[in-house]
Structures are given as C-alpha cells and as structure tokens.
Amino acid sequence: MEGGGEGASVAAPLNQWRHDAWKLFQFYLDKTTPHAVYRWIGTAVLAFLYALRTYYLQGFYIVSYGLGIYVLNLLIGFLSPLVDPEVEPSDGPLLPTKGSDEFKPFIRRLPEFKFWYAITKAFCVAFLMTFFSMFDVPVFWPILLIYWIVLFVLTMKRQIMHMIKYKYVPFNIGKQKYGGKKSAASSNSSSRGD
C-alpha cells in the first residue's frame, strides 16, 4: 500500500508542472492571435528549415508526402464554408446563391488561427521525424511528387467549381467599396468648383 501512496505523491508535482507548462504555452499562444502576419512568417521559416533539412538529408520523402496531403486537407477546410449547401440543408445562415439574396458573411469550416496552428504543428512533427531513420522509407520520390500535384490540381479544381457554383470568395481583401449613389454634399461641392 505504501508504494501506491508514494507513486501518487510523485505524480502530483509532475501533473502540476505539466498543467503549469500548458497554461504558460496557452498564454503565449493566445498572445499571438492578433499577429497573423508574424505567425505566418514564423511558419514559413519553419517550413523553409524543414525543406532545407530534407534537401540536405536527401530523404524522408514519405514524411514530406504525408505532410503535403495533410496541408492540402487543411487547405480544403480553410477554403470551405462552415455549412456546405450541397451536403446539409440548414435553418441558419446559408451562402447567398443569387445577387438579390441577403448578404451573409463567409464563415470558414476551419478558422485561420486553427489553420495556422495545425500547419505549424504539422511542420514541427515532420521536422522531428527527420531525426529518426525509421521514417526514412526508400521510395522513388518523383512519383510521389507527380501524384501529389495531380491530387492538388483535381482537389483545387473541385473547390473552385464549388466556389463558383455557390458564389462565395473565402478571402477578405481590404474594405468593401460600394459604387452606390453619390451623396448630396459631394455633388454640390463638385458643382461649386465649376
């Protein structure tokens, strides 16, 4: 019985340390939320380091292929609406299908922060896998590359056709400009200048 009590007393500080470390990690992760550009720059640096390492080692093509498939899957979630009108009818807001429909904002199935976080974790895991030779499975890499490119093109073609069919654009580029009626003040000032 004493052994069980001693094991529990050793596990309690370990669990407390793990909990404190997770809280600290979550605190800094939450602080990065508004800094999207810096987050993506950091992920790009990490991706470059991974590519440099795999190039230097001339291997780990299966790891890279799996990473590419995972990133493609995340990209599809990032570009897809939360509620797909083809799959599930909803009582809530749907994408407008006609120009006269009411505007409804585009809500992603995978939000930008979760998209970034998942890609960053994936590159970290893939980078760590390059330190273990058991993941360096010998394959003919050009076939994997061609297969991934074909998969990417077909998947993006399907996604773009879906965007065209349901008339949505998953990107916000600046503030929307409207070409409606000019205000009376602007038309009066232009007539005074003549």
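Residue numbers start at 1 and run along the sequence shown. Bear in mind the structure is a predicted one, so any value in this text is a computation, not a measurement. Quick note: numbers below take in every heavy atom, side chains included, and nothing from hydrogens, waters or symmetry partners.
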Please answer whether the main-chain N or O of Phe78 pairs with a side-chain N or O of Arg108 as donor and acceptor at a distance below 3.5 Å. yes
Tell me whether the count of non-hydrogen atoms from other residues, nucleotides or ligands lying under 6.0 Å of CZ in Phe131 goes above 12. yes
Tracing side-chain contacts under 4.5 Å among Ile, Leu, Val, Met, Phe, Trp and Tyr outward from Phe48 reaches Leu52
Hydrophobic cluster partners of Tyr38 (side-chain heavy atoms under 4.5 Å): none
Does Phe140 sit in a hydrophobic cluster with other residues, and if so which ones, taking ILVMFWY side chains as linked at heavy-atom separations under 4.5 Å, directly or through other members? Ile143
Can you name the nearest heavy-atom pair linking Met156 to Ile76, along with the distance? CE-CD1, 3.4 Å
Arg53: which residues meet the side-chain hydrogen bond (donor to acceptor under 3.5 Å, both in side chains) condition with it, sequence neighbours left out? Thr130
Same cluster (ILVMFWY, side-chain, under 4.5 Å), Met163 and Val153: yes
Between CG on residue Leu144 and CD1 on residue Ile149, distance to nearest 0.5 Å: 11.0 Å
Residue pairs, two or more places apart or on separate chains, that pass side chain to side chain donor-acceptor pair (under 3.5 Å) and touch residues 137-150: none
Ring pair (Phe, Tyr, Trp, His ring centres under 6.0 Å) partners of Phe25, counting only residues at least two apart: Trp22
Is the backbone of Phe152 close enough, under 3.5 Å, to the side chain of Thr155 for a donor and an acceptor to pair up by distance? no
List the residues meeting side-chain hydrogen bond (donor to acceptor under 3.5 Å, both in side chains) with Trp40, not counting sequence neighbours, and say none if there are none. Glu112
Check: residues 57-70 side-chain donor-acceptor pairs under 3.5 Å, at least two apart:
unit_1	atom_1	unit_2	atom_2	d
Gln58	NE2	Tyr55	O	2.6
Ser64	OG	Tyr50	OH	2.7
Ser64	OG	Phe60	O	3.1

Could you go through residues 115-129 and list every donor-acceptor pair under 3.5 Å that involves a side-chain atom there, pairing it with any protein atom two or more places apart or in another chain?
unit_1	atom_1	unit_2	atom_2	d
Trp116	NE1	Arg39	O	3.0
Trp116	NE1	Thr43	OG1	2.6
Trp116	NE1	Thr120	OG1	3.2
Thr120	OG1	Thr43	OG1	2.7
Thr120	OG1	Trp116	O	2.8

Does any pair with a residue in residues 20-33 pass salt bridge (Lys or Arg N to Asp or Glu O under 4.0 Å), and if so which ones, sequence neighbours excluded? none
Remaining members of hydrophobic cluster (4.5 Å side-chain criterion), Phe27: Leu24, Tyr28
With hydrophobic residues grouped by side-chain heavy-atom distances under 4.5 Å, do Leu145 and Val150 end up in a single group? no
What is the distance from atom CD1 of Ile146 to atom CG of Leu151, rounded to the nearest 0.5 Å? 13.5 Å
